[in-house]
Amino acid sequence: MSSLNAGTDDHARPHLRLMFRLQWETTQDAYVLLYPEGMVKLNPSAGEILARCDGTRKLDDIIDELEDLFGASDLAADVYRFIDHARQRGWLD
Amino acid sequence: MSTVSSIMHVNVAGSTDMNTDSIRPSQPLWLLAELTYRCPLHCAFCYNPTDFAHDATELDTHAWLDVISQARKMGAAQIGFSGGEPLLRDDLETLVAHARGIGFYTNLITSGVGLTETRIAGLKEAGLDHIQLSFQDSTRELNDFVSSTRTFDLKQRVARLIKQHGYPMVLNCVLHRYNLPHVAQIIEMALEMEADYLELANTQYYGWAMLNREQLMPTSEQLREAEATVNQYRERLGNRCRILFVVPDYFEERPKACMNGWGSVFLGIAPDGTALPCHAARSLPGLELPHVRDASLAHIWYESAAFNAFRGDSWMREPCRTCDERAVDHGGCRCQAYLLTGDAAAADPVCSKSPDHDKIEQVVMLARRPARDENVQPLIFRSRENSLRIG
């Protein structure tokens with residue numbers, strides 16, 4: 001699907017919903033998302049995106065930071081897609 | 001209170017392939033701390049062992065703190081405080097604070113009895129992440145009947161208290177033939193209480209539930225109707241309240257991947273410190289369950305005979321041994337295999353390939369009896385007295 005930022009406000013400051021906690025797990029060498037009686041192990045890019053969804057950063061700033069981090073200039077579509085996915089999963093407000 | 005289904009819904013991308021014995025087992029992810037078998041409720045569907053009253057020994061605070069530290073060091077990230085009723089331990093706040101402090105996501109699994117304003121505030125201060133509250137039905141009459149207590153109104157108050165204190169709330173209701181027709185009302189009740197998650201946990205037949213299996217077993221029509229109702233609500237509710245509903249395995253053609261595989265993610269510690277590869281492992285004969293007093297958790301998890309007994313697939317018999325689905329369901333549940341076939345290494349008879357599958361079919365057929373049947377033994381409630389008598 002390529003419905004990029006449908007319904008996503010570029011100026012929103014995404015943050016995790018109350019019941020989720022993002023945590024770096026050394027033994028798994030990955031970020032995990034913890035929630036009541038469950039856990040999702042995140043791949044590196046998903047982890048880096050969610051780690052920035054702390055309610056202080058605008059989506060635009062998150063994309064800038066990630067493009068710096070990965071040395072890329074075209075991550076916006078991927079980030080939008082993931083944010084949409086995370087909202088559908090109920091992780092983000 | 002406790003339900004077997006409340007194990008973690010693991011979704012681990014690229015989890016370790018456990019199907020060859022040479023691979024080192026993955027770490028435990030979910031520590032279930034059964035702090036006590038004492039419980040103010042007497043639920044007829046409880047999975048706790050029926051002989052729980054014969055040994056009332058409980059680990060002390062120091063021993064629990066040590067268990068929690070060891071499990072975290074091994075990589076466990078979720079901890080459930082359960083029982084029995086964990087609020088009967090007055091060191092619960094201490095244990096939660098320690099677990100949260102070293103990075104566990106902390107879950108309290110409770111009947112609500114004893115969750116006063118003071119204790120809920122203390123638990124909040126300790127950093128408790130979430131509370132799972134059990135209900136037995138949407139009606140006072142049935143809630144109080146199957147738990148053999150008067151707790152319905154108390155649970156309503158506790159649900160409000162949980163929301164007031166800003167906790168995510170999971171409402172858990174164990175389903176059986178008496179309350180399956182109430183599924184819509186149970187969902188409405190959860191919505192009214194602003195539950196974030198509703199676990200409709202069909203009874204699993206271990207411990208007390210196994211004793212009462214004939215009474216509790218639903219009909220397939222009841223299940224189908226309940227499932228259709230759940231699906232209608234799911235469509236309407238989206239993320240507002242997530243509903244978990246799993247068809248009980250007696251009504252399936254293939255077994256569930258019990259515990260995600262033996263010794264794969266789940267580590268249970270019983271009140272006396274016995275380490276359990278699954279909730280019902282005590283029912284298996286000849287399995288010498290290790291004790292946290294005698295060995296480190298790492299040794300118990302990686303080295304003990306009990307935790308290795310059903311890892312991988314070399315223990316399997318036919319039809320599992322050559323089945324191309326053995327990596328999916330790991331042969332199903334070992335305890336169910338033993339309870340129904342007398343052989344813990346047999347295929348879970350839930351599987352239609354099992355030579356003992358007719359035993360499941362017979363039980364399911366029996367559920368088709370008339371609503372009132374004098375020949376069925378009355379419910380036996382989980383109580384100390386009953387445990388000492390029959391356990």
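By convention in this document, chain letters (A, B, ...) are assigned in the order of the sequence lines, proteins followed by strands, and residues within each chain are numbered from 1.
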Working to the nearest 0.5 Å, report the span between CG of A/Leu18 and NE2 of B/His130.
11.5 Å
Heavy-atom distances under 4.5 Å only: say whether B/Met169 touches chain A with side chain, backbone, both or neither.
neither
Within this structure, what is the CG-CG distance for the pair B/Leu29 and A/Leu34, rounded to the nearest 0.5 Å?
10.0 Å
Would you compute the distance between atom CZ of A/Arg21 and atom OH of B/Tyr105 and round it to the nearest 0.5 angstrom?
7.5 Å
What closest approach, in Å, do A/Pro36 and B/Val170 show between heavy atoms, and which atom pair accounts for it?
CB-CG2, 3.8 Å
Bottom line for B/Arg240: the part with an atom under 4.5 Å from chain A's heavy atoms is neither
Let me know if B/Asp196 has heavy atoms under 4.5 Å from chain A in its side chain, its backbone, both or neither.
both
Over 12 foreign heavy atoms within 6.0 Å of NZ, B/Lys124
yes
Rounded distance (nearest 0.5 Å) linking atom CD of A/Glu37 with atom CD of B/Gln132:
4.5 Å
Using only atom types and a distance under 3.5 Å, with no angle test, would you say the side chain of A/Glu25 pairs donor to acceptor with the backbone of B/Ala76?
no
Answer key: most heavy-atom pairs under 4.5 Å with chain A among B/Gly166, B/Gly238, B/Gly80, B/Gly103 is B/Gly103
Would you mind telling me which of B/Arg100, B/Met74, B/Lys73 has the largest number of heavy-atom pairs within less than 4.5 Å of chain A?
B/Arg100
So, taking the atom named CE in A/Met19 and the one named CZ in B/Arg242, what distance separates them when rounded to the nearest 0.5 Å?
9.0 Å
